[in-house]
S.K.: 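The structure follows.
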Amino acid sequence: MDYLCSGLIGINPNTLPFIRLAREQGLCPEPNQIELMGGPLPKIAPPFKLPGHKHVDFDIPGPLKGLVAKLQPKPMFSPELCLGCGECQRACPADAINMVEGKPELILESCIRCFCCQELCHHKAVTVHQHWLGRKLLR
Ligand code: SF4
Ligand code: SF4
């Protein structure tokens with residue numbers, strides 16, 4: 001599905017790291033083996049505005065991974081706005097949030113930057129923060 005949908009919005013699916021990795025591991029069929037059900041794909045006219053930052057975790061030597069992780073966008077939790085409901089921790093798919101004294105704390109090395117925590121916090125206590133150097137280098 002991701003392979004086909006990325007093509008629909010004008011992205012070459014082979015440039016997406018998760019699709020490349022899936023294909024390398026035999027988890028994604030060859031394009032001509034994808035069975036399309038329910039009729040042909042609709043025609044959608046790009047251009048779509050794509051996100052500015054790149055996800056560059058893949059193929060980075062171990063010692064540099066920590067540095068790159070610090071430069072990537074990450075969720076920040078506002079102690080003032082957070083009510084400590086724990087919803088973000090329960091929903092985090094990567095177990096990257098610890099509740100410490102009733103407030104969420106990020107485990108940076110586990111965070112996969114899906115930003116589910118930001119989307120689901122009803123109290124707007126989660127914002128996305130990126131180091132200025134990361135904004136410059138990873139755009
Ligand atoms: S979902 Fe929002 S309010 Fe609840 S613990 Fe997380 S940051 Fe705090
Ligand atoms: S961005 Fe995703 S992985 Fe990171 S803490 Fe939030 S929900 Fe967890």
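Indexing begins at 1, ligand by ligand and atom by atom, following the structure's order. Source: prediction; values computed, not measured.
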S.K.: Could you tell me which non-hydrogen atom of L81 sits nearest to which non-hydrogen atom of K124, and how far apart they are?
M.R.: CD1-O, 3.2 Å
S.K.: Specify the protein heavy atom at minimum distance from atom 6 (Fe) of ligand 1: its residue, its atom name, and the distance to 0.1 Å.
M.R.: C88 SG, 2.3 Å
S.K.: Which residue and atom name correspond to the protein heavy atom nearest atom 2 (Fe) of ligand 2, and how close is it?
M.R.: C114 SG, 2.3 Å
S.K.: Looking at Q130 and L71, what are the two nearest heavy atoms and their distance?
M.R.: NE2-O, 3.0 Å
S.K.: Give me the nearest non-hydrogen protein atom to atom 5 (S) of ligand 1 as residue plus atom name, then the distance to 0.1 Å.
M.R.: G86 N, 3.2 Å
S.K.: Just which atoms of ligand 2 are under 4.0 Å from any heavy atom in I97?
M.R.: 5 (S)
S.K.: Which pair of non-hydrogen atoms, one from N14 and one from R23, has the smallest distance, and what is that distance?
M.R.: OD1-NH1, 2.6 Å
S.K.: To the nearest 0.1 Å, how far is atom 4 (Fe) of ligand 2 from its closest protein heavy atom, and which atom is that?
M.R.: C111 SG, 2.4 Å
S.K.: Closest heavy-atom contact between N12 and T15?
M.R.: O-OG1, 2.6 Å
S.K.: Where is the tightest heavy-atom contact between L120 and A91, given as atom of each residue plus distance?
M.R.: CD2-CB, 3.1 Å
S.K.: Taking 4.0 Å as the limit for heavy-atom contacts, which would you say applies to V126 with ligand 2: side chain only, backbone only, both, or neither?
M.R.: neither
S.K.: Which ligand 2 atoms are under 4.0 Å away from a heavy-atom of F115?
M.R.: 1 (S), 2 (Fe)
S.K.: Taking 4.0 angstrom as the limit and counting only heavy atoms of L106, give me the atoms of ligand 2 inside it, by number and element.
M.R.: 5 (S)
S.K.: Please report which non-hydrogen protein atom sits nearest to atom 3 (S) of ligand 1, along with the residue it belongs to and the distance in Å to one decimal place.
M.R.: L83 N, 3.4 Å
S.K.: Can you see which heavy atom on Q118 is nearest to which on V126, and at what distance?
M.R.: CG-O, 3.3 Å
S.K.: I'd like to check which ligand 1 atoms, numbered from 1 as shown, lie under 4.0 Å from a non-hydrogen atom of C85.
M.R.: 1 (S), 3 (S), 4 (Fe), 5 (S)
S.K.: Find the distance between CD1 (I107) and CD1 (I97) and round it off to the nearest 0.5 Å.
M.R.: 8.5 Å
S.K.: Just wondering, is there an N, O or S atom on C117 that's nearer than 2.8 Å to atom 6 (Fe) of ligand 2?
M.R.: yes
S.K.: H123 heavy atoms, cut-off 4.0 Å: which ligand 1 atoms fall inside?
M.R.: 3 (S)
S.K.: Provide, to 0.1 Å, the distance between atom 8 (Fe) of ligand 1 and the closest protein heavy atom, together with that atom's residue and name.
M.R.: C82 SG, 2.3 Å
S.K.: Would a distance-only check, ignoring hydrogens and angles, find a side-chain to backbone donor-acceptor pair under 3.5 Å from Q89 to G86?
M.R.: no
S.K.: Using a distance threshold of 2.8 Å, state whether an N, O or S atom of C121 lies below it from atom 2 (Fe) of ligand 1.
M.R.: yes
S.K.: Can you tell me how far CZ of F77 sits from SG of C117, rounded to the nearest 0.5 angstrom?
M.R.: 4.5 Å
